[in-house]
Amino acid sequence: MTDIVATELSIRVEIPGNIPAVREVNERAFGRETEAALVDTLRANGKFALSLVAALNEQIVGHILFTDLLGSAQRLAALAPMAVLPDHQRAGIGSALIRTGFEYLREQGYDAVVVLGHKDYYPRFGFVPGANFGITTPFDVPPEYLLVAQLSVRPVAPGKMLYQPEFEAVAP
Ligand SMILES: CC(C)(COP(=O)(O)OP(=O)(O)OC[C@H]1O[C@@H](n2cnc3c(N)ncnc32)[C@H](O)[C@@H]1OP(=O)(O)O)[C@@H](O)C(=O)NCCC(=O)NCCS
């Protein structure tokens, strides 16, 4: 007889007890300490807009962070970083983190989410080129990597998207 082990994914707001696991997920997903250290610094500086963890059978296997973008009259969040443990990638965990994050942010009155990410991955969540809205970032990345997802009916106003200063330490 085959044992069937039920696997249950739950997406939750990060709590202090998750901090070591969040650090490990980021270190293992990115294969370096940069993003994990950035998350720790942003947390210490009180810069989280929303930090979610993905728990699979109570093991933390994924993490996503949203921070407030500065310099806009609208409420705009930056998605970065996002990480899923290598053994658990391509199983829909990253997608669940993004979709749940959007629900929380919409409830909190955010107008849009901005990401610097892959154009083949993010459009499935409603991201479109930032150029459609006339937005830019101070970072030196090709324009097609700047994507924006609307959460409210208020279109994103054109302008430069300013990340929290802590991101400058890891800027591309
Ligand atoms: C990016 C990441 C968070 C996605 O999480 P995930 O749980 O694997 O994503 P999902 O299972 O929801 O989505 C899978 C889809 O994402 C895309 N995808 C995921 N990882 C990818 C990768 N490394 N390269 C290219 N596409 C990738 C694929 O199109 C895949 O679709 P498929 O199932 O048809 O192959 C995860 O791969 C990761 O931690 N990567 C390392 C860290 C990183 O680069 N983070 C993003 C920048 S902040």
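Order of listing sets the numbers, starting from 1, for every ligand and every atom in it. Sequential numbering from 1 along the given sequence is applied to the chain's residues.
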Checklist entry - So is G92 close enough to ligand 1, meaning a heavy atom under 4.0 angstrom away? => result yes

Checklist entry - Are any of the heavy atoms in R124 under 4.0 Å away from ligand 1? => result yes

Next on the checklist: For H63, which part has a heavy atom under 4.0 Å from ligand 1: side chain, backbone, both, or neither?
Outcome noted: neither

Checklist entry - Which bit of A80 gets closer than 4.0 Å to ligand 1, counting heavy atoms only: side chain, backbone, both or neither? => result neither

So which protein heavy atom does [atom] come closest to, and at what separation?
atom                    : result
atom 32 (P) of ligand 1 : R90 NH1, 4.5 Å
atom 39 (O) of ligand 1 : V84 N, 2.8 Å
atom 17 (C) of ligand 1 : Y121 CD1, 3.4 Å
atom 40 (N) of ligand 1 : Q89 NE2, 3.6 Å
atom 46 (C) of ligand 1 : M82 O, 3.6 Å

Checklist entry - Would you say the ring centroid of F139 lies under 6.0 angstrom from that of Y163? => result yes

Checklist entry - Are R23 and V39 close enough that some pair of their side-chain heavy atoms sits under 4.5 Å apart? => result no

Checklist entry - Below 4.0 angstrom, N of the basic side chain to O of the carboxylate: do E58 and R12 qualify? => result yes

